[in-house]
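Contents: one structure, followed by commentary.
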Amino acid sequence: MKISLPDNSIIELDDGATAMEAAAKIGSRLAKAAVAATVNGQPVDLSHQLAEGDAIGIITDNSPEGLEVIRHSASHVLASAVTQLYPGTQLGIGPAIADGFYYDFKFPSPVSENDLEKIEARMKEIIKAKVPFLRHELCREDAAEMFGAQPFKQELLADLSLDEKVTAYSIEGFTDLCRGPHLLDTGRVKTFKLLSVAGAYWRGDEKNPMLTRIYGTAFTSKKALDEHLERLKEAERRDHRVLGKQLDLFHIDEEVGAGLPLWHPRGALIRKIIEDFWRDAHLANGYEMVMIPHIASADLWKTSGHWDFYRESMYSPMDIDGQEYIVKPMNCPGHIKIYNSRTRSYRELPIRWAELGTVYRYERSGALHGLLRVRGFTQDDAHLFVRPDQLQDEIISVIRFVLYMLKTFGFDDYEVYLSTRPEKSVGSDEHWEQATSALKAALEEVGLAYELDPGEGVFYGPKIDMKIRDAIGRAWQCTTIQVDFNLPERFDVTYVGEDNSEHRPIMIHRALLGSLERFIGCLIEHYAGAFPLWLAPVQAIVLPIADRHNDYAGQVAGRLKEAGLRVDLDDRKESVGRKIRDAEMGKVPFMLIVGDKEADAGNVSVRSYAEGDRGSEAVDELAAKMTRQVEEKS
RNA sequence: GCCGGUGUAGCUCAGUUGGCUAGAGCAGCUGAUUUGUAAUCAGCAGGCCACGGGUUCAAAUCCUGUCACCGGCUCCA
């Protein structure tokens, strides 16, 4: 029979030949790398029997699709091991995910990370035994019977559409409801590792029972696995919670409260530098600063709708002179009140009001995480009041602005999402449609690739969310740009148009960095605590070699301070080696060593955190270089 | 909030099957050392063993409640 290949060439095979035989016919190296195949676009096992005229493609182990097959098969091996070791375990689902795979189980008794070793050992036996994956096509009744003791599988089965084929795969005595494809045999899961166990609701819904999820990963080579494990370790080394403690930037105090960070001098200094940059950039980009109080009467939140739509994130009201007040979870109503304080003309629009506004939101205890998820945080917030004809241009300029801001912090790789109308929402369909298409058009105008995130918008409007990719490739949600027709209506926000009648402006809510807490947490990890010069709380430290150099060291520090640099002097009675070590641990960008030679010549011996010993340099020259580098924010 | 885990000095960690005044390194303090590119030496001080109940002759250790933290689920700036 004749089979066509992706390059449209034709090969001749015996009738009844399998995908694997086709791969072997094409080449032995391909056959070795093959993990699955596609036939007429559909993924199939290598054992799949081809038919006359089929178009075949071979999925190899190093392609993303190939890795997915390997990981998916690994999850079956995991499930097989688990059912052998823990009889009576019920099976959830076990898919491949971005960096590995997981399988959800309902164990008869709790299983913890200590059990992973035992499970891994069993998995290795199964892999060593090279057990073939057997595919079964079942009729619905047989399937129902086969998974009689597996309520979760029954549920999956019941949800399959009637015209869908029911398939299952088995290795040894273990059979799982599964669409496939899988490897030929378990021996082809080469290197894997179980990583963690965690709770996970069945189908991600908290109304459902909690299952135990085992996470693992699999690769085609030990080297690739080791590299992945090394990446995980690198992420651990960059953990902002650990670095924040080490570098004395912030802490979260149990007696103050969970999710309420306290900024130490150095952390507060970094924050101040970012805030200054932020304010200057906003003033330069046509924004004005506003400020509002931290609590407001409950009436305000009833008018805004937060009382109804945002209740679960707001803290309980407090009684002030018999009136209810609420700590603000958002800044928008305050800004609207400023807008409404007098009549506005169409000539004034667009109005761009920005504030580093601190808000307090209830987060479930289990969601808190260092600076990345807290209960009190400062948004780099702004609200734009625009005429309908200005909407799209304003969105475009916000996008351009955020790209500039993020680039300054060393981020130039993004994931962009456009979120559309959720179920629980307010407003007319026309408004939603208008806003969504404005966002879409703006993204296209700027040329940003984006993904659609259906139903993930805010209750009052659609939004653009941006995730930044950090130095080791992780994505962080920071930026959000939201269009809002709702609040202007609720607060009866108007402007007087050219026609001398009242019109309704549209609001844009936007946070570029998201919140200072999250952004700085992310920055700490991005830079692994070694901040670039313009952000470093201590930019240079002068290290006198002996006490007799302290005077000169003080002069050097003074000169640099005059140049506007942040400089420390380490005049402790310690060895230079010790002073250098401590400065290295503190990740200070420049260590300036001064001894007799330097004092005589009027220069300093420069050691940079990034490059090590750089030899000596005149103080003024160094000051000029450093100030230039600060200005360039490089 | 839910599932699993953890909580010992400022930090990192020891602490056998419950059994003497709970240990170490680093940091801190005091003294000596005056030092040339990642830790000079010595001494001292520092602990309601997260918090509250309980079991026991005896609890850091066992049970239980609370709180916090960690890995996830959920949620999101």
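Each chain gets a letter, A, B and so on, in the order the sequences are listed, and its residues count up from 1. What you are looking at is a predicted structure, and each value in this text was computed from that prediction instead of being measured.
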Which of the following nucleotides, rG72(B), rA38(B), rC75(B), is nearest to the side chain of R373(A)? rC75(B)
Mate of rG7(B) where both pairing distances stay under 3.5 Å, Watson-Crick or G-U: rC67(B)
Generate the contact string for nucleotides 8-15 of chain B. Rules: B means base contact, S means sugar-phosphate contact only, - means no protein heavy atom under 4.0 Å. ----S---
Please classify the nucleic acid contact of V374(A) as base, sugar-phosphate, or nothing, using heavy-atom distances under 4.0 Å. base
Whether R71(A) engages the ring of F101(A) as a cation-pi pair (distance to the six-membered ring centre under 6.0 angstrom, angle to the ring normal within 45°) should be assessed. no
Is the gap between the ring centers of W301(A) and H306(A) under 6.0 Å? yes
Looking only at side-chain N and O atoms, does K463(A) come under 4.0 Å of OP1 or OP2 in rA77(B)? yes
State whether R364(A) places a side-chain N or O below 4.0 Å from either non-bridging phosphate oxygen (OP1 or OP2) of rC2(B). no
Side-chain N or O of Y362(A) less than 4.0 angstrom from OP1 or OP2 on rG1(B)? yes
Let's see if you can work this out: which of rC73(B), rA77(B), rA68(B) has an atom nearest to the side-chain heavy atoms of R518(A)? rA77(B)
Hey, is the side chain of E254(A) pairing donor to acceptor with the base of rA68(B) inside 3.5 Å? no
Tell me which of Y201(A) and I580(A) sits closer to the 5' end of RNA chain B, going by the nucleotide each one is nearest to. Y201(A)
Mind checking if G366(A) touches a base, just sugar-phosphate, or nothing, with heavy atoms under 4.0 Å? base
Charged N to carboxylate O below 4.0 Å: is that the case for R607(A) and E584(A)? yes
Counting only side-chain nitrogens and oxygens, does H369(A) get under 4.0 Å of the OP1 or OP2 atom of rG71(B)? yes
Hey, does A511(A) reach any base, or is it just sugar-phosphate, or nothing, if we go heavy atoms under 4.0 Å? nothing
So what does G514(A) touch, heavy atoms closer than 4.0 Å: a base, only the sugar-phosphate, or nothing? sugar-phosphate
Whole-Å gap separating P (rG36(B)) and CG (N550(A)): 15 Å
Identify whether any heavy atom of E517(A) sits under 4.0 Å from a base atom; if not, whether one sits that close to sugar-phosphate; answer base, sugar-phosphate or nothing. nothing
Select base, sugar-phosphate, or nothing to describe what S112(A) touches, counting heavy atoms under 4.0 Å on all strands. sugar-phosphate
Between the side-chain atoms of R578(A) and the base atoms of rA39(B), is any donor-acceptor pair under 3.5 Å? no
Would you say D99(A) and T217(A) are linked by a side-chain donor-acceptor pair, where the criterion is simply a distance under 3.5 Å? no
Per nearest nucleotide of RNA chain B, the residue lying toward the 5' end, S196(A) or R607(A), is R607(A)
Hey, does K573(A) reach any base, or is it just sugar-phosphate, or nothing, if we go heavy atoms under 4.0 Å? base
Pair of N/O donor and acceptor under 3.5 Å linking rA27(B) base with Q246(A) side chain: no
Is any side-chain N or O of Y310(A) closer than 4.0 Å to OP1 or OP2 of rA77(B)? no
